[in-house]
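Each remark here refers to the structure printed beneath this line.
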Amino acid sequence: MQVSAPIRAPAWVSTRRLFEQKLSDLHKCNNLSQLKQVYALIYKSNLHQDPFVTPKLVTAFSLCRQMPCAVKAFNQVHEPNVHLYNTMIRAHVHNSQPAQAFAIFFLMQSSGVFPDNFTYPFLLKACSGQNDFSLVKMIHTHIQKYGFCSDIYVPNALIDSYSRCGLVGVGAAKKVFSVMDDKDVVSWNTMIGGLVKANRLNEARQLFDEMPERDMVSWNTILDGYAKAGQLNDAFELFEKMPERNVVSWSTMLTGYSKAGDMEMTRMLFDKMPVKNMVSWTIIIAGYAEKGLAKEATDLYEQMEEAGYRPDDGAIISILAACAESGLLWLGKRVHQSINKNRHQCSILIENALIDMYSKCGSLSKALSIFNGMGKKDLVSWNAMIHGLAMHGHGSKALQLFSKMKQEGFAPDKVTFVGVLCACTHGGFVDEGIQYFYTMERDYRVPPEIEHYGCIIDLLGRGGRLQEAFRLVRTMPVEPNVIIWGALLGACRLYNAVELAQEVLEHLVKLEPQNAGNYSMLSNIYAATGNWDSVADMRLRMKNTGNEKPSGASLIELEDGVHEFTVKNTLHPASDKIYHMVDGLSHHIKKVGYFPDAFY
DNA sequence: CTAGGGTTAG
């Protein structure tokens with residue numbers, strides 16, 4: 001009789017145990033290295049053809065954002081069944097690859113596998129965000145042909161996708177909704193949400209009142225509609241009537257009051273809410289920050305961290321964006337500190353938000369160091385940095401970065417070109433700007449939009465090429481707005497082009513009759529050319545226009561708070577000193593041959 | 001034996 005000696009389990013045994021334990025809930029595995037081990041074992045054990053294993057594997061890879069691995073696992077199956085195809089479509093949708101989701105759908109059809117009631121809700125999700133009515137209609141036709149509307153998930157998904165396709169879409173959604181035999185609470189909520197998105201609040205409310213049963217989501221949807229539309233009294237009335245409120249209801253109210261600029265009410269609700277979460281803290285902190293209320297925002301940020309909250313990606317991005325908007329460098333730095341403390345690495349989204357925050361808050365060197373330290377950059381990173389350099393007057397550096405971006409294989413988009421044209425304006429590169437403008441569509445298939453026309457007309461005008469600027473305004477395919485006419489008027493002022501300015505003023509008066517600034521611009525031109533009678537005429541016209549609209553401001557945060565600067569602002573306590581300095585500087589740069597008002 | 005929908009911050 002043989003006695004077996006006790007043996008130590010070899011290393012693979014533990015992996016094996018992990019494998020067996022993992023296989024049943026493999027789709028929930030979010031640890032990439034474990035997942036890859038399990039995948040290797042699946043492959044070795046020839047289990048990758050098992051129709052119950054591969055969908056779980058695909059789902060797990062999709063949750064870890066490893067689509068190449070998911071595709072590989074999928075491709076190893078010889079004859080995928082409908083469930084695996086569905087899983088693959090969903091994986092692509094969850095990873096924002098709608099085109100690939102459709103490709104799988106077409107592959108499935110050409111392989112002779114028929115779609116089922118699960119296929120269409122996934123496919124319809126792939127359409128959301130595309131705003132493509134005819135695509136949704138095409139899917140709807142398929143659904144009608146195969147008769148999958150008996151499964152309530154299918155018409156519910158149709159209502160959702162249709163209502164994301166503008167006005168025509170909402171009409172189609174209403175049709176689907178109205179012919180449904182058994183509507184459940186999700187059908188109602190989706191339809192109400194669709195009407196809210198289309199700004200058809202009265203219809204949404206009517207439906208809400210007709211609902212047989214209303215759970216929390218229905219109330220929150222209609223509440224959100226009122227809050228977004230600024231109908232805060234209606235929102236508040238409903239909020240008080242609700243049988244119960246959850247953290248979403250409270251957050252919706254916070255957003256409504258914060259967006260309306262009523263931070264007192266926002267704060268009152270925030271202090272009263274029984275349960276707070278990351279979202280509610282984010283809303284109020286970003287709200288204060290957007291309005292430049294540095295102390296309130298920073299104090300609450302500290303309180304949030306003291307209460308044990310670690311800001312997530314969404315919180316960080318919202319708060320940084322708010323800091324960028326109003327120049328709160330100090331809070332922006334504070335958020336950056338928490339990022340460094342709490343994370344070993346941060347996402348591209350956060351790094352992009354930091355670049356934007358630092359450059360808009362005046363700290364170009366910090367923005368550059370984030371940009372240069374990034375492991376991976378995306379188009380947004382390049383765009384933010386190009387724009388940042390341009391804004392800080394480094395026109396040629398911005399253009400150098402633009403060529404580098406192209407060398408690294410990034411295709412510029414419309415945002416890139418706004419930055420590039422802006423760089424030309426700040427650097428005074430008129431001919432280069434025109435060149436870039438013409439390559440946009442020809443070489444990069446980026447058709448110029450009104451912002452680009454605004455930039456190029458501003459550039460031509462500042463360069464003294466008024467006739468060309470006017471010709472472009474007359475021939476461009478978009479209707480000129482106040483920014484375009486305003487740029488022209490500014491150029492006329494710069495070169496004292498009286499007659500052109502008179503023409504421009506008439507256009508501006510039609511678009512914004514209340515803006516006295518336009519008259520004063522023409523009045524200045526008359527004054528500069530010694531036409532005092534016309535100056536008096538302009539003053540008279542100005543008197544009858546009423547209020548001047550608030551002018552644009554630059555903000556900078558110093559040790560003693562945020563300082564605001566506007567054109568001709570004499571309210572700042574140090575304005576005498578400031579203007580003295582500016583005059584001195586203008587004198588100096590004129591002496592060295594610079595034309596100070598043309599390019600900035 | 002697997003799976004899917006509606007609301008709040010970004």
Side-chain angles (χ1 to χ4, degrees), chain A residues 23-28 50-59 62 81-91 93-94 116-125 128 148 151-161 163-164 173 177 183-197 204 208 211 214-228 235 242 245-256 258-259 273 276-287 289-290 311-322 324 347 349-350 352-353 356:
Chain A
L23 216 52
S24 61
D25 49 16
L26 174 63
H27 55 294
K28 292 177 201 156
D50 187 322
F52 291 96
V53 171
T54 312
K56 289 185 174 180
L57 196 58
V58 166
T59 305
S62 135
N81 61 12
V82 60
H83 181 242
L84 182 55
Y85 276 114
N86 289 346
T87 308
M88 201 57 206
I89 290 172
R90 184 183 57 161
V93 174
H94 283 177
D116 66 7
N117 50 325
F118 282 90
T119 312
Y120 291 103
F122 296 149
L123 214 52
L124 285 164
K125 253 276 174 288
S128 70
F148 287 125
D151 178 5
I152 195 153
Y153 280 84
V154 174
N156 285 355
L158 263 175
I159 294 169
D160 187 48
S161 300
S163 61
R164 291 172 194 277
F177 180 77
K183 305 173 176 78
D184 68 2
V185 67
V186 176
S187 330
W188 286 87
N189 288 342
T190 312
M191 192 63 244
I192 292 173
L195 290 166
V196 163
K197 275 190 218 87
F208 173 80
M211 269 182 93
R214 292 181 287 220
D215 67 1
M216 188 75 78
V217 175
S218 328
W219 290 86
N220 288 343
T221 305
I222 197 94
L223 207 60
D224 177 51
Y226 283 135
K228 286 233 171 77
M242 287 175 79
R245 304 160 195 88
N246 65 4
V247 65
V248 175
S249 332
W250 286 90
S251 300
T252 306
M253 295 304 287
L254 292 183
T255 310
S258 168
K259 288 274 171 287
M273 60 193 290
K276 299 174 177 51
N277 66 7
M278 202 58 251
V279 175
S280 39
W281 283 94
T282 306
I283 297 168
I284 190 155
I285 294 170
E290 258 165 41
D312 61 12
D313 281 26
I316 289 168
I317 290 162
S318 312
I319 298 172
L320 286 178
S347 68
L349 263 74
I350 289 180
N352 291 346
D356 196 47

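Note that the structure is predicted; figures quoted are calculated from it, not measured. Only this structure's heavy atoms are used, side chains among them; waters, hydrogens and symmetry mates stay out.
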Nucleotide [N], atom [atom2] - distance to [atom1] of [X] in whole Å:
{"X": "A/Arg90", "N": "B/dT2", "atom1": "CZ", "atom2": "C1'", "result": "10 Å"}
{"X": "A/Asn352", "N": "B/dG10", "atom1": "CG", "atom2": "P", "result": "17 Å"}
{"X": "A/Lys197", "N": "B/dT7", "atom1": "NZ", "atom2": "P", "result": "5 Å"}
{"X": "A/Ile192", "N": "B/dT8", "atom1": "CD1", "atom2": "C1'", "result": "17 Å"}
{"X": "A/Asp160", "N": "B/dG4", "atom1": "CG", "atom2": "C1'", "result": "12 Å"}

- Could you give me the CA-CA distance, side-chain angles and deciding distance for A/Lys259 and A/Lys228, then say whether side-chain contact (heavy atoms from CB on, under 4.5 Å) is met? CA-CA 8 Å; A/Lys259 288 274 171 287; A/Lys228 286 233 171 77; over 6 Å; no
Of all the nucleotides listed ([options]), which has the minimum atom distance to the side chain of [X]?
{"X": "A/Ile317", "options": "B/dA3, B/dT8, B/dG10", "value": "B/dG10"}
{"X": "A/Tyr153", "options": "B/dA9, B/dG4, B/dT8", "value": "B/dG4"}
{"X": "A/Asp224", "options": "B/dA3, B/dG4, B/dT7", "value": "B/dT7"}
{"X": "A/Phe118", "options": "B/dA9, B/dA3, B/dT7", "value": "B/dA3"}
{"X": "A/Thr282", "options": "B/dG4, B/dA9, B/dT2", "value": "B/dA9"}
{"X": "A/Asn220", "options": "B/dG4, B/dA9, B/dT7", "value": "B/dT7"}

- Message: Can you list everything that forms a side chain to side chain contact (heavy atoms under 4.5 Å, CB included) with A/Thr282? Sequence neighbours excluded, please.
- Response: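 Partners of A/Thr282 by the side chain to side chain contact (heavy atoms under 4.5 Å, CB included) criterion, ordered by chain and then number, come out as A/Met278, A/Ala315, A/Ser318, A/Ile319.
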- Query: By side chain to side chain contact (heavy atoms under 4.5 Å, CB included), which residues pair with A/Phe118, not counting sequence neighbours?
  - Reply: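 If we apply the side chain to side chain contact (heavy atoms under 4.5 Å, CB included) test to A/Phe118, skipping adjacent residues, the hits are A/Asn86, A/Asp116, A/Phe122.
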- Is A/Phe52 stacked on the base of B/dC1, meaning ring centres closer than 5.5 Å and planes within 30 degrees of each other?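 Check passed, A/Phe52 stacks on base of B/dC1.
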- Query: Is A/Phe122 stacked on the base of B/dG4, meaning ring centres closer than 5.5 Å and planes within 30 degrees of each other?
  - Reply: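 Per 5.5 Å and 30° rule: no stacking.
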- Task: Give A/Asp312 one of three labels, base, sugar-phosphate or nothing, depending on what nucleic acid heavy atoms sit under 4.0 Å from its own.
- Result: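 Base, at least one base atom sits under 4.0 Å.
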- Query: What orientation do A/Trp219 and A/Phe208 show, parallel under 30°, tilted 30 to 60°, or perpendicular over 60°?
  - Reply: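 If you compare the ring of A/Trp219 with that of A/Phe208, the planes turn out perpendicular.
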- Query: Between the side chains of A/Thr221 and A/Asp224, is a donor N or O closer than 3.5 angstrom to an acceptor N or O?
  - Reply: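 No, because no side-chain N or O of A/Thr221 sits under 3.5 Å from a partner of the opposite role on A/Asp224.
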- Does a distance-only test, which skips hydrogens and angles, find a donor-acceptor pair under 3.5 Å between the side chain of A/Asn117 and the base of B/dG4?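 No, no donor-acceptor pair under 3.5 Å.
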